[in-house]
Amino acid sequence: VSNGDIIKNKFNVSPDKVRVVIDGVHTDFFNQPPKKNLRKELGIPDDAPLVIFTGALLAAKGIWNLVSAIPLVLEERGNTHFLIVGYPVEEVAAKVKELGVEKNVHFTGMVDYFKLPDYLLISDIAVEPKVDRAGEASGKVINYMGAGLPVVCFEGKNNRRFLGEGGIYAADNKVENLAAIIIWAIDNPARAKKLGELNKKRVEEVF
């Protein structure tokens, strides 16, 4: 049941007063160049593949799926770096340290929303590690698309709705499959970049 249906039926609001607006993004949000030397400030080599996650660092948002995938990626592609933009940091950072991968993982903590494009535009691959069980929308995917990034995610109705053919999908909600498609995106930068361009075109036309 959609939120629009709940408002109309449960709260008895006249249907002609209810409009459901899909998530969207101002594409000019991403038209400015990123902050100069931001990779250097964050301690990320210019030539390292950079995978970004943005959002709340909570189990419901799939953060533990990403954290579990990181060592699997680094076993195969040890020069990859991960940029995690969001909070609360402490529990996730402790787990990253326990796994011994802290040198390749960079936390920003809370970031001003209007500075978010800087972090997206210095990245190569975006990841949405949430499993689509509740059909919850994902604003982060819209921003990933607006920044022209290839998006790695689990197969799911909501991700398909946003990304269509532009997504790089992991099957069966398995962490090892998520890691495998991150590695695929790292190993195929030209094809991944094309998918990112497709995402940007789609977000401009549809969202």
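The structure presented is a predicted model; accordingly, all values stated were derived computationally and were not measured. We count residues from 1, following the sequence as given.
- In summary, D46 and K40 do not engage in a salt bridge, as defined by a charged side-chain N under 4.0 Å from a carboxylate O.
- Linking Ile, Leu, Val, Met, Phe, Trp and Tyr residues whenever their side-chain heavy atoms come within less than 4.5 Å places I70 and F107 in a single cluster.
- Between F30 and P117, the shortest heavy-atom distance links the atoms CD2-CB, 3.9 Å.
- Between the Y144 side chain and the V127 main chain, a donor and an acceptor come within less than 3.5 Å of each other.
- Inter-residue side-chain proximity for L178 and P129 is flagged as met; some heavy-atom pair is nearer than 4.5 Å.
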>> Before you tell me yes or no, could you show the steps for R160 and D132 under salt bridge (Lys or Arg N to Asp or Glu O under 4.0 Å), namely the whole-Å CA-CA distance, both residues' side-chain angles and the distance that decides it to 0.1 Å?
In response: CA-CA 10 Å; R160 281 279 178 189; D132 185 7; over 6 Å; no
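- R202 places a side-chain N or O within 3.5 Å of a backbone atom of F162 that can act as its donor or acceptor partner.
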Taking distance alone, no hydrogens or angles, what donor-acceptor pairs closer than 3.5 Å link side-chain atoms of residues 87-100 to residues at least two apart or in another chain?
residue, atom, partner, partner atom, Å
K95, NZ, E98, OE2, 3.2

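- Between the side chain of K200 and the backbone N or O of G146, at least one donor-acceptor pair lies under 3.5 Å.
- Listed by chain and residue number, I44, P45, A48, L50, N104, H106 satisfy the side-chain contact (heavy atoms from CB on, under 4.5 Å) test with H81 (two or more places apart in sequence, or in another chain).
- Looking only at side-chain heavy atoms (C-beta outward), N143 and L116 come within less than 4.5 Å of each other.
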> Going through the distances and angles, do K201 and E205 end up as a salt bridge (Lys or Arg N to Asp or Glu O under 4.0 Å)?
Replying inline: CA-CA 6 Å; K201 185 170 185 283; E205 292 175 352; 3.1 Å; yes
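- With contacts defined as side-chain heavy-atom distances shorter than 4.5 Å, the pair L121/P33 does not qualify.
- Through direct or relayed side-chain contacts under 4.5 Å between Ile, Leu, Val, Met, Phe, Trp and Tyr, V175 connects to L72.
- The side-chain heavy atoms of I168 and V151, taken from C-beta on, include no pair separated by under 4.5 Å.
- Residues N158 and R161 form a side-chain contact, since some pair of their non-hydrogen atoms from C-beta on lies under 4.5 Å apart.
- Connection of L149 to W184 is established within a shared hydrophobic cluster, with ILVMFWY side chains joined at heavy-atom distances below 4.5 Å, either directly or through further cluster members.
- Residues G166 and L195 approach most closely at O-CB, 3.8 Å, considering heavy atoms.
- With sequence neighbours excluded, the residues that form a side chain to side chain donor-acceptor pair (under 3.5 Å) with E41 are K35.
- With contacts defined as side-chain heavy-atom distances shorter than 4.5 Å, the pair I52/I125 does not qualify.
- Counting only heavy atoms from C-beta outward, the side chains of N159 and Y169 approach each other to under 4.5 Å.
- Closest non-hydrogen pair, T108 versus V85, comes out as OG1-CA, 3.3 Å.
- Residues passing the side chain to side chain donor-acceptor pair (under 3.5 Å) test with D124 are R39, sequence neighbours excluded.
- Residues T80 and F82 come closest through the heavy atom pair CG2-CE1, 3.9 Å.
- The backbone N or O of G78 sits nowhere less than 3.5 Å from a side-chain atom of E76 that would complete a donor-acceptor pair.
- Residues passing the side-chain contact (heavy atoms from CB on, under 4.5 Å) test with N177, sequence neighbours excluded: A170, A171, D172, K174.
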